[in-house]
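Structure, as structure tokens:
Note: hydrogens, waters and symmetry copies are ignored here, and every other heavy atom, side chains too, is used. Throughout, a chain's letter reflects where its sequence line sits, starting with A, and its residues are numbered from 1.
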Protein chains: 2
Amino acid sequence: MRKGELTHQTILETAVRLASRVGLQGLSIGGLAEELGLSKSGLFAHFKSKTELQVQVLEAATAVFTERVVRPALGKARGEPRVRALFDGWLTWDRDKLLEGGCIFVAAAAELDDAPGPARDTLVQSQRDWLDCLAQAARIAVAEGHFREALDVEQFAHDQYAVMLGFHHAKRLMRDPQAEARARRAFDALVAAAHTPTS
Amino acid sequence: MRKGELTHQTILETAVRLASRVGLQGLSIGGLAEELGLSKSGLFAHFKSKTELQVQVLEAATAVFTERVVRPALGKARGEPRVRALFDGWLTWDRDKLLEGGCIFVAAAAELDDAPGPARDTLVQSQRDWLDCLAQAARIAVAEGHFREALDVEQFAHDQYAVMLGFHHAKRLMRDPQAEARARRAFDALVAAAHTPTS
DNA sequence: GCGGAAAAAGCACGACCGTCCTATGAAGTG
DNA sequence: CACTTCATAGGACGGTCGTGCTTTTTCCGC
């Protein structure tokens, strides 16, 4: 029971990378098998269905995201530094070679937003956790006195997410070389507004 | 040459609606034909290829968007009222029955961001025009004295777009009932920041 | 090294895909 | 009304899709 789990892991790694390029729907069993040098049926045996593959791909991507973005930020000082670290980590994540096709969650969000099922449920849960994480970081920043008392931390998390979506759009679709600079400016404005009491 | 163009138009209408649900890739010739009660080959004859269909769907959607969002806003007073009208029209657009599957441009952006070709080119041009339209409205608001002199109008357009992307994400994927309220609050903050000189 | 278990391959299935070719029907023109 | 042009239907093609069988190969504990 060791060799199996190893290839299982390898499959998911490649699948995440491939899905970032072609999407969760576009990720085909046959194509994935060929990329790995496996037979279609041999690969299929690891997942009972394509839906299960999609779910596991999303879970694997979430795990990588947590490892690469969330965990490093938790090492930073509580409050605004950590909020900024989360944002910086996010920008880095989008630059990762693992995701040549752009953030897999953004792609999946567009594909699954009207497709009820286990894959959608998994994605929504993952996104909810991430938004909660962002809100919690902002909440701590309020407690530390970095952000104003009355700040709506859920709104802050929502706005922060919107900035990232704008960044992704500008960079990946529009190929705007200023995408990152624009995103940083937008985020700085958000943080500045969180400082001043009731702007 | 009359009957043909009529059905051509009918096909595109249905195609836009269908594509908003299943995406541009998911839009299949056979499925579209069945929805319309046409034969697959009869429908295919109107477009030389699937790519051409996708391009025309995007063009048709752009035309509708211009008609429903841009044109009404041009009837509003120059400056901030028009900027706000564009935003309001945008929110309304997303509520339109024509787009039960969510804004077709958002879906297409995720699908095409790594798929070079005529469809991508058409989408990028459409988005560029729209961003230019938003920036121009902001520029007028500066000229009218509503927004501060030094405002970076391209950044403003970019940020406005980001707010809409955040709205779409919150509403369609997360099913957040507060999505619209959040979007309005974010946009108001953007406008407020455009008022004050160098925040 | 052997034998049982796990992993991968081979193969076939029905369904749907985009595309093309050909025939038939209807629309428009003289 | 005849004739041409155009719009649609029918059918077939090579492919790929997800998914099940059965067989073969590989791994691992004794």
### Query
Do A:Lys40 side-chain and D:dG18 base share a donor-acceptor contact under 3.5 Å?
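Yes, the side chain and the base share a sub-3.5 Å donor-acceptor pair.
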Under-3.5 Å donor-acceptor pair between A:Ser41 side chain and C:dA8 base
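Side chain to base: no pair present.
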Assign [X] to base, sugar-phosphate, or nothing according to its heavy-atom contacts below 4.0 angstrom with the strands shown.
| X | result |
| --- | --- |
| A:Leu38 | sugar-phosphate |
| B:Ala45 | base |
| B:Ser28 | sugar-phosphate |

Distance check needed: [N] [atom2] versus [X] [atom1], whole Å only.
| X | N | atom1 | atom2 | value |
| --- | --- | --- | --- | --- |
| A:Leu27 | D:dC17 | CG | C1' | 12 Å |
| B:Phe44 | C:dC20 | CZ | C1' | 8 Å |
| B:Leu6 | C:dA27 | CG | C1' | 13 Å |
| B:Ile29 | C:dC16 | CD1 | P | 16 Å |
| B:Leu36 | D:dT8 | CG | P | 11 Å |
| B:Leu43 | D:dC6 | CG | P | 19 Å |
| B:Gln25 | C:dG18 | CD | P | 10 Å |
| A:Glu34 | D:dG15 | CD | P | 14 Å |

* Specify the residue among A:Gly31 and B:His8 whose closest nucleotide of DNA chain D lies further upstream toward the 5′ end. =>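 Checking each residue's closest nucleotide, the 5'-ward one belongs to B:His8.
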**Given D:dA9, C:dA8, D:dT19, the nucleotide with the shortest approach to the side chain of A:Ser49** =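 Nearest to the side chain of A:Ser49 among the choices is D:dT19.
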Side-chain contact check for A:Ser39: nearest option of D:dG18, C:dA8, D:dT8 is C:dA8
**Report entry** Close aromatic pair by centroid cut-off 6.0 Å: B:Trp130 and B:Phe65
**Finding:** yes
Margin query: Please determine whether a side-chain nitrogen or oxygen atom of B:His46 lies at a distance below 4.0 Å from atom OP1 or OP2 of D:dT8.
Written below: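 So the side chain of B:His46 is within the cut-off, an N or O lying under 4.0 Å from OP1 or OP2 of D:dT8.
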Does a side-chain N or O from A:Thr7 land closer than 4.0 Å to OP1 or OP2 of C:dA8, or not?
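So the side chain of A:Thr7 is within the cut-off, an N or O lying under 4.0 Å from OP1 or OP2 of C:dA8.
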- Query: Is the number of heavy atoms from other residues, nucleotides or ligands within 6.0 Å of CD (A:Gln125) greater than 12?
  - Reply: yes
_Ion pair check, B:Arg95 and B:Glu180, cut-off under 4.0 Å_ =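 Answer for the salt bridge query: yes.
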May I ask you to decide whether B:Arg21 forms a salt bridge with A:Asp113, counting only side-chain N to carboxylate O separations under 4.0 Å?
->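 No.
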Do the ring planes of B:Trp90 and B:Tyr161 sit parallel (below 30°), tilted (30 to 60°) or perpendicular (above 60°)?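 Plane angle over 60°, so perpendicular.
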